[in-house]
Amino acid sequence: MHLLEVSELHKHYLVKQHQRGIIDSLRAYTRTGTKAHSYLHALDGVSFHIGENESVGLVGESGCGKSTLVRAICRLLDITSGSIELKGHNIGAISANRFVHAAERAQIQVVFQDSHESLNPRYSACQCIADPLKNLLKLRKPVELKQRIESLVEKVNFPVELLSRLPHQLSGGQKARVNIARAIAVEPQLLILDEPTSALDVSVQALILRLLVNLREELNTSYLFVSHDLNVVRMVCDRIIVMYMGKIVEAGDAQTLFYQPSHPYTQALISAIPSKNAGKRIMLSGEISSPIDPDPNVCRFYSRCPRREQKCKEQAPPLHQISPQHSVACHFV
């Protein structure tokens with residue numbers, strides 16, 4: 001049994017009439033013959049799994065659905081359909097409001113992208129770390145809390161003498177360490193890292209990444225690592241999932257996707273890494289298709305794909321295995 005199993009996950013947002021563009025409104029009217037409601041398809045049939053003590057990377061352009069997927073898994077929003085199973089228990093069936101008090105709440109923790117905004121400005125570093133211990137583990141004794149917090153900050157290399165400081169009195173790297181300490185405080189089975197190093201200096205990024213790698217081995221925790229930086233993902237993750245417009249277009253082990261990408265979108269992403277493909281950048285042309293009421297029979301990447309043919313406009317390619325650890329959604333792979 002996998003630690004996390006996501007199956008046919010859909011998340012659609014209702015789009016009001018005044019929010020739709022003229023082209024999208026005409027498209028919806030032509031397809032249905034009526035002024036039916038339109039929906040933005042943020043996630044459309046996403047399926048993947050994360051094993052015990054496995055680190056999985058999630059990459060893709062802004063707007064591809066990464067953040068929606070993260071919010072759905074940690075139950076910050078309700079899903080339209082599908083299932084999210086944590087150790088065989090469908091937590092996707094629990095509403096976002098009820099999940100706050102569910103037993104599984106402590107098993108999934110998040111390290112958010114903005115380490116400053118995700119900390120309460122009125123809480124000291126000590127209070128920020130103590131908060132989940134009090135609310136989720138029900139630790140109340142001051143001596144027990146103090147010992148637990150000092151043990152946590154030692155794990156993340158945060159100075160004990162800075163625990164009384166407020167977030168604005170800490171550096172970016174120190175705030176990142178407080179966020180990580182807070183996330184691992186309740187010993188979660190799954191840690192979701194939403195671009196945890198994107199706002200940090202390069203030198204600090206390297207220290208935080210090394211810390212995350214060491215913590216995974218020490219705590220036996222699984223990671224879902226969200227990032228735009230493929231080099232960072234390759235360093236931290238065992239497998240990589242590539243998303244485009246609410247769908248998974250390729251998934252496989254990190255080395256295969258980095259050195260032998262098969263989907264044309266993944267190839268374009270890899271070519272954008274200067275240190276790897278200097279002078280061989282794949283430039284994608286064409287307009288990004290609308291996520292509002294997309295045609296289910298058309299490949300989402302059709303308008304930008306250099307390989308596109310008429311078949312891609314008549315039948316959307318399913319995600320199929322081309323090797324035991326490698327899946328691609330493309331007719332021509």
Side-chain angles (χ1 to χ4, degrees), residues 2-20 24 37-50 56-120 131-132 135-136 179 182-183 186 188-196 198 222-228 241-249 290-294 296 300:
H2 300 299
L3 172 64
L4 181 76
E5 184 86 39
V6 176
S7 301
E8 288 298 314
L9 188 63
H10 293 259
K11 178 59 183 177
H12 302 162
Y13 293 97
L14 176 65
V15 180
K16 297 179 181 179
Q17 290 288 335
H18 70 274
Q19 293 176 316
R20 293 192 296 182
D24 288 325
H37 293 299
S38 289
Y39 291 89
L40 187 150
H41 292 226
L43 298 174
D44 241 353
V46 173
S47 299
F48 70 97
H49 68 269
I50 299 177
V56 176
L58 183 63
V59 300
E61 294 174 317
S62 296
C64 72
K66 300 191 303 297
S67 295
T68 302
L69 181 57
V70 165
R71 288 164 61 87
I73 292 173
C74 61
R75 310 305 299 118
L76 290 176
L77 55 79
D78 292 322
I79 61 176
T80 302
S81 63
S83 67
I84 305 170
E85 294 188 0
L86 183 68
K87 282 199 166 181
H89 184 207
N90 186 13
I91 62 173
I94 306 173
S95 69
N97 289 334
R98 288 194 298 116
F99 189 75
V100 175
H101 307 288
E104 294 82 4
R105 173 69 181 84
Q107 301 307 313
I108 302 177
Q109 294 294 304
V110 188
V111 177
F112 294 100
Q113 179 177 358
D114 193 325
S115 57
H116 181 75
E117 291 296 327
S118 57
L119 295 176
N120 189 325
D131 195 47
N135 293 325
L136 298 178
N179 271 286
R182 180 178 62 177
V186 294
Q189 295 178 330
L190 176 64
L191 189 60
I192 300 177
L193 300 151
D194 189 4
E195 301 195 47
S198 62
S222 297
Y223 286 172
L224 177 60
F225 195 100
V226 183
S227 180
H228 286 93
I241 296 170
V242 183
M243 286 189 68
Y244 184 80
M245 283 192 63
K247 284 185 172 290
I248 294 176
V249 295
S290 174
I292 299 176
D293 294 330
R300 297 289 171 88

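The CD atom of Gln113 sits 10.0 Å away from the OG atom of Ser118 when rounded to the nearest 0.5 Å. Distance CD1/Ile241 to NE2/His49: 8.5 Å, rounded to 0.5 Å. If you take CG on Asn97 and CG on Asp78, they are separated by 7.0 Å, rounding to the nearest 0.5 Å. To the nearest 0.5 Å, atom OG1 of residue Thr68 and atom CG of residue Leu40 are 8.5 Å apart. For the atom pair CG of Leu3 and OG of Ser222, the computed distance is 4.5 Å after rounding to the nearest 0.5 Å. We find the CG-OG1 distance between Leu14 and Thr80 to be 10.5 Å, quoted to the nearest 0.5 Å.
Checked by atom type and distance alone, the side chain of Lys66 never pairs as donor or acceptor with a backbone atom of Met243 at under 3.5 Å. Side-chain atoms of Arg75 come within 3.5 Å of backbone atoms of Ile91 as a donor-acceptor pair (strictly under, hydrogens ignored).
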| request: Applying side chain to side chain contact (heavy atoms under 4.5 Å, CB included), run through Phe48 and Leu58 and close with a yes or a no. | output: CA-CA 11 Å; Phe48 70 97; Leu58 183 63; over 6 Å; no

| Can Asp293 and Tyr39 be said to form a side chain to side chain contact (heavy atoms under 4.5 Å, CB included), step by step? | CA-CA 6 Å; Asp293 294 330; Tyr39 291 89; 4.1 Å; yes

| task | Applying side chain to side chain contact (heavy atoms under 4.5 Å, CB included), run through Arg182 and Leu119 and close with a yes or a no. | result | CA-CA 10 Å; Arg182 180 178 62 177; Leu119 295 176; 3.8 Å; yes

| task | Go through Glu5 and Ser83 one step at a time and tell me if the side chain to side chain contact (heavy atoms under 4.5 Å, CB included) criterion holds. | result | CA-CA 8 Å; Glu5 184 86 39; Ser83 67; over 6 Å; no

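Of all heavy-atom pairs spanning Arg300 and Met245, the tightest one is NH1-O, 2.8 Å. Closest approach of Glu85 to Gly88, counting heavy atoms only: OE1-CA, 3.9 Å. Scanning both residues, Val249 and Tyr244, for their nearest heavy atoms gives CG1-CB, 3.8 Å. The shortest non-hydrogen separation linking Ile94 to Ala102 is CD1-CB, 4.4 Å. Annotation for Ile79 and Ala72: closest pair CG2-CB, 3.9 Å, computed over non-hydrogen atoms. Minimum heavy-atom separation, Ala183 to Val111: CB-CG2, 3.7 Å.
For the pairing with Gln109, the side chain to side chain contact (heavy atoms under 4.5 Å, CB included) check across Leu190, Leu193, Ile192, Leu136 returns one residue only, Leu136. In summary, of the residues considered (Val6, Val46, Leu43), a side chain to side chain contact (heavy atoms under 4.5 Å, CB included) with Ile248 occurs for Val46 alone. When the options Lys11, Lys247, His12 are evaluated for a side-chain hydrogen bond (donor to acceptor under 3.5 Å, both in side chains) with Asp44, the one that passes is His12. Among Leu86, Leu4, Val110, the one residue that satisfies the side chain to side chain contact (heavy atoms under 4.5 Å, CB included) test with Ile73 is Leu4. A side chain to side chain contact (heavy atoms under 4.5 Å, CB included) with His41 is found for exactly one of Pro296, Pro291, Pro294, namely Pro294.
The shortest side-chain heavy-atom distance between Phe99 and Cys74 does not fall under the 4.5 Å cut-off. For the pair Gln107/Lys87, no side-chain contact is recorded, criterion being any heavy-atom separation below 4.5 Å from C-beta on.
If you check the side chains of Asn179 and Ser115, you find no donor sitting under 3.5 Å from an acceptor.
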